[in-house]
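Here's the structure, in structure tokens; my notes come after.
We count residues from 1, following the sequence as given. Atoms within a ligand are numbered from 1 in the order they appear, just like the ligands themselves. These figures come from a predicted structure and were not determined experimentally.
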Amino acid sequence: MKNIETIAIHGSMKAHEKENDTVVPGIEVSTIYEHRNGGHHEGDDKYIRLSNPNRHQLENVIGQLEGGEHCAVFASGMAAISSVFQTVKSGAHVMIAQDVYFGTRKLMWEFGEKWGLDVEFVDMTDLDAVKNSLKENTQLVWLETPSNPRLLITDVRAVSKLASSKGAVVAVDNTWPTPYNMRPLELGADISIHSTTKYLGGHSDILGGAVITDDESLFEKIRLIQRVQGAVPSPRDAWLLSRSIRSFPYRMRAHNDNARKVADYLSKHSNVEDVYYPGLETHKGHEIAKSQMDDFGGMISFIIDGGAKEAIEIVGRSKMIIAATSLGGIESIWEHRKSSEGADSPSPDNLIRLSVGLEHSDDIIADIEQALD
Ligand SMILES: *Cc1c(COP(=O)(O)O)cnc(C)c1O
């Protein structure tokens, strides 16, 4: 089993090995396990927070999609992200890309100091800045590429090389590219994390997160945090996510194709000043993106000719595209990003963020056209 489409279908959701068994596994809701060993128990199957068959199946398939040895799934992307930051020793230096998911920034603003972390935000598209900011006690380097919301591209191979020379762990938030388009562990990163709420779930109806790594001792810490802090997904959510992942590679292919068409269209529109999509040859990070990604994903941000007021009006004029936060679902959604992030947001006033869905690209473009004109 090698190709991603095959892994997605057969990497989880195996029923038990009974004769004439169901093809699709059930949802195992039991919180407790019977101790058959003369009243005493061995192994992890003791209690649902520690272990559950649907969660195992999900961890198995996500690990394989990312080409990673170990995977732990969480109740949300933020729970997955928090677990990685909690592996860092108090007093250590942590570097985070400037243009990073708003929730990750907020996590550090609210808890970085409490957890004793020396947090520094660095422009990771600038390798000299990365080199100069690395310290002897840098323990974690955190990045996203393409970043949110400006789709800046960071060279994962180069940053991983620099960081590992200092013994620092590199974690990549791979929510936007997804393993269909990029596999951070192959590029030298130590950890890949996901908000599975987005493309892996793909239907805007499941909250979840995942951490994937090949590093055994790091994974032991993540597993401990998952089990002891207990932010685990329910069996139903784990089952539904495994189910959704079965069609994920085909969905992702269509997200990529549609986004490319929409980005081309936007880049020729007279009311659009700039389009941030790494698949465009005019994008500053295009060459690096091409070297580390198989395709460029379904997210586009664009800068309109006007200010915040005009951007909000455009978003409000759509007839099909839904005005909403989040991304990665089958339906196209867009938002004025600055309003969503609040006053502290570094997002430009006139930036609209679009998650290109799986409707026909002509219909998506027609709706954007009437909203822009
Ligand atoms: C949504 C998102 C998260 C947070 O995930 P939740 O599932 O909402 O907790 C983290 N990183 C990125 C890039 C995201 O888009």
Output field: ring centroids Tyr199/His255 closer than 6.0 Å: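 That pair passes the under 6.0 Å test.
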Heavy atoms of other groups near Glu113 CD, more than 12 under 6.0 Å: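 No, not enclosed.
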CZ (Arg253) with more than 12 external heavy atoms under 6.0 Å: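 Count over threshold, so yes.
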Check ion pair Asp349-Lys309 (N to O, under 4.0 angstrom):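 No, Asp349 and Lys309 are not salt-bridged.
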Residue pair His70, Leu218: steps toward the side-chain contact (heavy atoms from CB on, under 4.5 Å) verdict: CA-CA 10 Å; His70 309 287; Leu218 200 53; over 6 Å; no
Among Asp118, Asn137, Thr138, the one residue meeting side-chain hydrogen bond (donor to acceptor under 3.5 Å, both in side chains) with His93: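 Exactly one pass, corresponding to Thr138.
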Every residue of the protein that comes under 4.0 Å of ligand 1, judged on heavy atoms: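 Answer by chain and number: Ser76, Gly77, Met78, Ile81, Tyr101, Glu144, Asp173, Thr175, Trp176, Ser195, Thr197, Lys198, Leu207, Gly208, Leu327.
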